[in-house]
K.L.:
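First the structure, which I've put down as structure tokens, then a few questions once you've had a look.
Values in this document were obtained by computation on a predicted structure and should not be read as measured data. All ligand and atom numbering here is 1-based and tracks the order in the structure.
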Amino acid sequence: MIYANHALLASGWARDVRVTIDSGTISRIEIGAAAHATDTRVDTLLPAPGNLHSHSFQRAMAGMTERRAVGRDSFWTWRELMYRFMDRLTPEHIEAIAALVFMEMQEAGYAAVGEFHYVHHQRGGVPYDDIAELSARIFAAAATTRIGLTHLPVLYSYGGSGKAPLSEGQRRFGNDVERFPVLVDAARRAARDLPADTNIGIAPHSLRATSPDDLRAVLAMHEAGPVHIHIAEQPKEVADIQAWLGARPVEWLLGNASVSADWCLIHATHMTAAETKAMAVSGAVAGLCPITEANLGDGPFNGSMYLEAGGAFGVGSDSNVNISLTEELRTLEYSQRLRDLARNVMVVGEGSVGQTLYLGAAKGGAQALGRNAGEIATGRLADLTAIDSTAPTLCALTRDRLLDGLVFAAKDSIITDVWSAGRHAVRSGRHIAREGIVSNYRKAIAGLLASV
Ligand code: NGQ
Ligand code: ZN
């Protein structure tokens with residue numbers, strides 16, 4: 001049982017709240033209750049958002065691509081460096097990095113992650129003996145950290161739009177539409193021992209890494225669950241797709257696939273007003289990754305118009321160059337302010353920007369991950385985070401301003417506890433398996449550097 005001095009329930013703020021959890025799900029909420037001696041006591045309880053987009057392995061190259069090479073720096077040159085780094089990773093590296101990343105996510109207040117998993121094969125592109133070896137490594141990392149996992153095996157068949165062949169650096173990603181379902185089935189079997197809140201979806205990587213026919217084929221095979229796709233992140237990508245398919249990426253996708261609430265469109269940075277409104281109406285979630293989008297020079301999302309049109313959104317840490325939920329939300333809002341020379345953009349009408357962003361990301365994140373979560377209510381998964389509202393950063397704020405303080409003013413050290421479907425993984429601000437995870441990571445990185 002959790003006892004919170006304050007809790008932000010689906011029905012609003014409440015005091016002296018006792019939350020009962022049964023098999024990972026919230027079974028009872030008592031308001032104005034007395035604490036029992038055995039309760040876990042926290043100051044302020046919030047729904048914990050899911051992180052809807054991650055490529056965990058990229059964490060290990062954070063800080064390695066921030067040196068200027070004149071005339072040679074763009075998203076596309078970053079991608080070359082990333083491919084080169086990725087090529088040296090072994091299954092052991094991938095598991096150790098993923099465990100560190102998932103732990104850091106939980107310490108940042110995320111209860112769950114959507115791992116957009118596209119490194120499948122050995123160097124050169126030959127599958128491992130177990131075709132889902134690297135999915136199994138992600139599962140092992142999820143088990144170690146106890147994070148809620150939505151695994152998204154990726155179909156990546158081409159090197160660029162117009163069915164260009166895979167480049168040397170992309171061989172480890174490659175599957176065709178025949179082999180892809182074999183991989184997904186193997187991943188499903190390997191995930192059987194994970195907790196019941198584990199979910200498996202599919203992810204056609206992007207329009208440029210698939211083809212209209214292949215996309216149709218994998219969607220026809222996919223019975224239920226999340227569908228994630230990268231879309232319209234870079235101007236060159238928009239121009240290439242337009243030249244090939246005769247429409248802009250979001251325009252093409254909305255016109256040619258039955259995009260619905262099961263879908264998550266990652267980035268969707270470059271959209272016309274018509275695309276923005278149509279995407280909002282589709283019910284899909286915009287998977288925004290503001291820190292990575294800033295880091296890679298993608299541009300600002302059309303946030304104000306999308307929100308105005310009622311669009312669903314969530315956030316992801318994508319390249320994991322920095323893992324911070326509050327910073328993702330803050331960067332999203334600041335990208336709008338810098339573009340519009342305005343303040344308090346990401347809210348419809350009047351009200352709290354922090355609360356709009358935080359609760360919006362909790363709701364949209366849960367939707368994108370296919371998790372029955374996103375708010376504190378009976379029947380929902382116990383994806384919960386606790387913060388200390390008595391800390392100097394927040395102690396002056398009334399409840400209706402608390403999430404503004406959290407998003408704009410606080411450091412992640414304000415987070416005291418995190419539960420992933422009731423699994424209490426972060427206590428007193430630290431992950432319970434931190435020591436072992438960090439020492440494994442250090443060993444893996446030492447091995448990686450020695451192999452160069
Ligand atoms: C990714 N990253 O899947 O990690 C991509 C780069 C690619 C972003 N789009 C790889 N930010 O596009 O092939
Ligand atoms: Zn991505």
Side-chain angles (χ1 to χ4, degrees), residues 51-62 64-65 73-87 89 94 97-98 101 105 113-121 125 134 138 150-175 201-210 226-238 240-241 249-250 263-270 285-301 314-323 328 331 365 368-369:
N51 179 337
L52 55 66
H53 190 70
S54 157
H55 313 290
S56 55
F57 74 88
Q58 291 176 17
R59 176 71 177 139
M61 59 180 277
M64 293 184 184
T65 59
D73 286 310
S74 70
F75 170 88
W76 306 100
T77 57
W78 166 84
R79 199 175 75 148
E80 283 305 315
L81 295 175
M82 187 272 281
Y83 288 170
R84 248 186 273 159
F85 179 82
M86 175 280 306
D87 215 33
L89 300 176
I94 284 172
I97 300 166
V101 166
M105 289 176 184
V113 61
E115 179 67 18
F116 196 106
H117 178 75
Y118 64 92
V119 183
H120 300 298
H121 308 309
L134 296 183
I138 298 297
T150 294
H151 187 56
L152 300 157
V154 171
L155 175 68
Y156 199 120
S157 305
Y158 306 104
S161 61
K163 297 193 182 192
L166 293 176
S167 71
E168 210 45 53
Q170 296 168 323
R171 299 234 183 273
R172 298 188 73 178
F173 317 156
N175 286 296
I202 58 164
H205 180 275
S206 50
L207 294 181
R208 62 184 152 80
T210 53
V227 181
H228 288 217
I229 188 168
H230 289 109
I231 200 121
E233 181 183 10
Q234 281 277 326
K236 177 181 184 307
E237 184 185 8
V238 176
D240 288 354
I241 295 297
V250 173
W263 284 66
C264 182
L265 275 51
I266 307 299
H267 305 304
T269 313
H270 299 282
V285 176
L288 309 176
C289 310
I291 295 175
T292 297
E293 287 153 11
N295 184 272
L296 298 180
D298 293 337
F301 178 67
V315 291
S317 56
D318 193 354
S319 68
N320 294 304
V321 62
N322 201 313
I323 297 173
E328 273 329 325
T331 305
L369 298 181

K.L.:
What's the NE2-the Zn ion (ligand 2)-NE2 angle here (His55, His53), rounded to 10 degrees?
P.N.:
100°
K.L.:
By salt bridge (Lys or Arg N to Asp or Glu O under 4.0 Å), which residues pair with Lys163, not counting sequence neighbours?
P.N.:
none
K.L.:
Residues two or more places apart in sequence or in another chain: which of them pass ring-ring contact (aromatic ring centres under 6.0 Å, His included) with His270?
P.N.:
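His270 satisfies ring-ring contact (aromatic ring centres under 6.0 Å, His included) with no residue once adjacent residues are dropped.
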K.L.:
Checking Asp298 now: which residues fulfil side chain to side chain donor-acceptor pair (under 3.5 Å) with it, not counting sequence neighbours?
P.N.:
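Partners of Asp298 under the side chain to side chain donor-acceptor pair (under 3.5 Å) test: Gln234.
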K.L.:
With a 4.0 angstrom cut-off on heavy atoms, strictly below it, pick out the residues next to ligand 1 and order them by chain and number.
P.N.:
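Close residues (ligand 1, cut-off 4.0 Å): His55, Gln58, Phe75, Trp78, Arg79, Met82, Tyr83, Tyr118, Tyr156, His205, Arg208, His230, Glu233, His267, Leu296, Asp318.
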K.L.:
Once rounded to the nearest 0.5 Å, what's the spacing between atom OG1 of Thr210 and atom CG of Asn175?
P.N.:
13.0 Å
K.L.:
Do the ring centers of His228 and His53 come within less than 6.0 Å of each other?
P.N.:
no
K.L.:
Answer yes or no for Cys289: is there an N/O/S atom below the 2.8 Å cut-off from the Zn ion (ligand 2)?
P.N.:
no
K.L.:
Between Ser54 and Glu115, does any side-chain donor sit less than 3.5 Å from a side-chain acceptor?
P.N.:
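Indeed, the side chains of Ser54 and Glu115 share at least one donor-acceptor pair under 3.5 Å.
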K.L.:
What do you reckon, are the aromatic ring centroids of Phe173 and His205 less than 6.0 Å apart?
P.N.:
no
